[in-house]
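A short worksheet on the structure shown next.
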There are 2 protein chains.
Amino acid sequence: MKSRIRQDAIIRMLRRNGTSTIQALAEEVGTSRRTILRDLSSLRDEGYVIHSDVGRGGGLQLDPQSIRTTISLSVPEVFALLISVAAMRAAGNLPFSELADTGLAKIEKSLPADRVKDLRALLERLHIGQLSPLQNLSDMGKIDRGLLPTFETAFLQREFIRFAYRDAKGQRTQREVEPQAMLILPPLWYLVGWDPEREGFRHFRMDRISNSETVAGTRFRRRHVPFEEDVCPYSEVLKRTG
Amino acid sequence: MKSRIRQDAIIRMLRRNGTSTIQALAEEVGTSRRTILRDLSSLRDEGYVIHSDVGRGGGLQLDPQSIRTTISLSVPEVFALLISVAAMRAAGNLPFSELADTGLAKIEKSLPADRVKDLRALLERLHIGQLSPLQNLSDMGKIDRGLLPTFETAFLQREFIRFAYRDAKGQRTQREVEPQAMLILPPLWYLVGWDPEREGFRHFRMDRISNSETVAGTRFRRRHVPFEEDVCPYSEVLKRTG
DNA sequence: ACAAAAGGTGACGGTTTTTGGCACCGTTCT
DNA sequence: AGAACGGTGCCAAAAACCGTCACCTTTTGT
């Protein structure tokens with residue numbers, strides 16, 4: 001794993017100096033000419049574009065566009081990034097959505113296959129409404145940091161989610177529902193769940209949820225959540241947010 | 001690099017089985033108990049949280065929250081993600097912005113130090129206006145894919161940017177300006193540049209820019225772009241978008 | 001109380017991978 | 001022609017890696 005450090009050093013120097021020779025790199029890094037050549041080869045394999053002028057007075061040049069960076073992310077972080085970009089795309093025109101998309105495609109590609117399937121299932125349950133000018137922008141409170149991971153694991157493992165809810169009138173209740181989808185009507189975010197007691201879909205504003213946790217040992221099936229305007233189970237939400 | 005494969009296999013089995021012993025892992029992977037222990041150690045170093053119950057009937061358990069994934073991104077992709085999240089945060093309340101932020105912080109951390117300085121400078125020049133209900137949402141056309149990388153390199157290397165522009169009346173002109181900032185008034189995006197000929201700031205709607213390129217050999221200094229409402233050089237933009 | 005089953009550490013020698021040195025090739029500039 | 005470049009193949013030395021063994025602590029079953 002020491003080669004990684006050396007290769008980073010090479011990239012740094014090429015970036016700094018603009019152009020350089022193998023000799024110079026070898027001396028600065030403190031290794032042999034041969035090793036530098038090997039490192040250049042693997043860097044090129046990894047996608048770095050390094051031009052080389054052969055012959056006297058020649059040297060190496062790194063194409064700055066080809067610089068890549070590797071990041072290590074946790075799954076909630078990946079999910080947060082995914083929904084950020086997804087929401088952004090749906091909300092307004094996002095000029096660079098293509099680029100963001102290729103970034104996201106790479107994220108997907110790097111995940112284990114089963115994980116991708118999971119995320120796909122999750123994103124399918126992410127419903128994003130049109131940005132409406134009628135909304136009160138300052139109406140959204142802070143959302144509990146733990147809600148996203150909880151929703152994610154609950155949804156994927158098909159376990160019920162339990163939380164404390166404070167409704168519009170300020171009344172507090174304890175809920176235990178099947179997490180079915182997330183509804184985004186910027187800037188308001190809702191958790192959509194099936195309430196087995198009331199035998200119906202219910203929506204919960206995320207900033208009014210607290211103490212969320214999955215309920216171990218439970219198991220539900222994912223329901224078809226109708227999202228057409230007519231049968232939208234939270235059309236009242238749409239009205240209320242006006 | 002063989003150890004990477006082995007460690008991935010270990011993670012996979014821990015994810016699948018929920019709980020497992022070192023013995024079982026060693027047999028399944030086809031290696032020795034000692035090597036598994038070494039791998040566990042380096043996995044823990046990398047940030048995986050693996051609980052271990054010592055004593056008879058004990059075993060290993062992987063904290064699913066700690067699963068990480070590594071991605072390799074190009075700089076334009078990173079920048080696209082950054083501005084996506086930044087714009088999203090500013091446009092509406094983004095519930096999971098904290099998580100997205102830690103993701104972005106990691107992206108920053110993984111970049112070379114000078115690169116971070118560059119990106120900071122860029123993001124400082126990213127001005128995001130409040131979402132206004134007066135805007136015509138369907139008014140934004142597609143933005144040329146190459147514009148972002150061009151703006152990025154031009155801004156960072158302080159080179160002029162040259163492009164073809166089609167103004168509101170449909171008239172086409174060729175421009176050559178100092179790229180100074182980006183202005184986002186969702187869903188409209190503007191490039192703000194100092195035009196040396198006209199000796200003043202000019203704004204250009206990004207979807208009206210085409211054939212953008214940096215002008216080699218030129219060099220400008222970054223100017224202070226006043227963004228206070230009163231002195232805003234594109235207050236007329238704000239009016240016109242109404 | 002004792003043995004078995006579990007995680008964890010340290011040391012040593014063999015095996016595999018990485019690295020350095022060398023000879024050599026093609027190209028370009030002086 | 002010769003020097004200064006990048007690039008390739010080969011082999012021995014160096015370093016990293018891996019398996020074995022011996023041993024320790026904790027927990028649980030009998």
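Everything numeric in this text was worked out from a predicted model, so none of it was measured.
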Distance, rounded to the nearest Å, where [X] contributes [atom1] and [N] contributes [atom2]:
{"X": "B:L60", "N": "D:dT26", "atom1": "CG", "atom2": "P", "answer": "18 Å"}
{"X": "A:D45", "N": "D:dG7", "atom1": "CG", "atom2": "P", "answer": "13 Å"}
{"X": "A:R44", "N": "D:dG6", "atom1": "CZ", "atom2": "P", "answer": "10 Å"}
{"X": "B:R4", "N": "D:dC18", "atom1": "CZ", "atom2": "P", "answer": "13 Å"}
{"X": "B:L62", "N": "C:dG7", "atom1": "CG", "atom2": "C1'", "answer": "17 Å"}
{"X": "A:L40", "N": "D:dG6", "atom1": "CG", "atom2": "C1'", "answer": "10 Å"}
{"X": "A:I5", "N": "D:dA16", "atom1": "CD1", "atom2": "C1'", "answer": "14 Å"}

| Would you say D:dG7 has OP1 or OP2 under 4.0 Å from some side-chain N or O of A:S41? | no
Salt bridge check: are [X] and [Y] linked by an N-O gap of less than 4.0 Å?
{"X": "B:E46", "Y": "B:R4", "result": "yes"}
{"X": "B:R219", "Y": "B:E159", "result": "no"}
{"X": "A:R6", "Y": "A:E28", "result": "no"}

| field | Neighbour count >12 (heavy atoms, 6.0 Å) for atom CZ, B:R16 | value | yes
| request: Mind checking A:I22 for me? I need base, sugar-phosphate or nothing, with any heavy atom below 4.0 Å counting as a touch. | output: sugar-phosphate
| task | Kindly indicate whether the side chain of A:E176, heavy atoms from C-beta on, has any atom under 4.5 Å from the side chain of A:I161. | result | no
| How does each nucleotide of nucleotides 20-30 of chain C score, in 5' to 3' order, for protein heavy atoms under 4.0 Å: base (B), sugar-phosphate only (S), or none (-)? | BBB---BBBB-
| Residue of the set A:N17, A:I50, A:D53 for which side-chain contact (heavy atoms from CB on, under 4.5 Å) holds with A:Q61 | A:D53
| query | When you match A:G58 and A:L37 each to their closest nucleotide on DNA chain D, which lands nearer the 5' end? | reply | A:G58
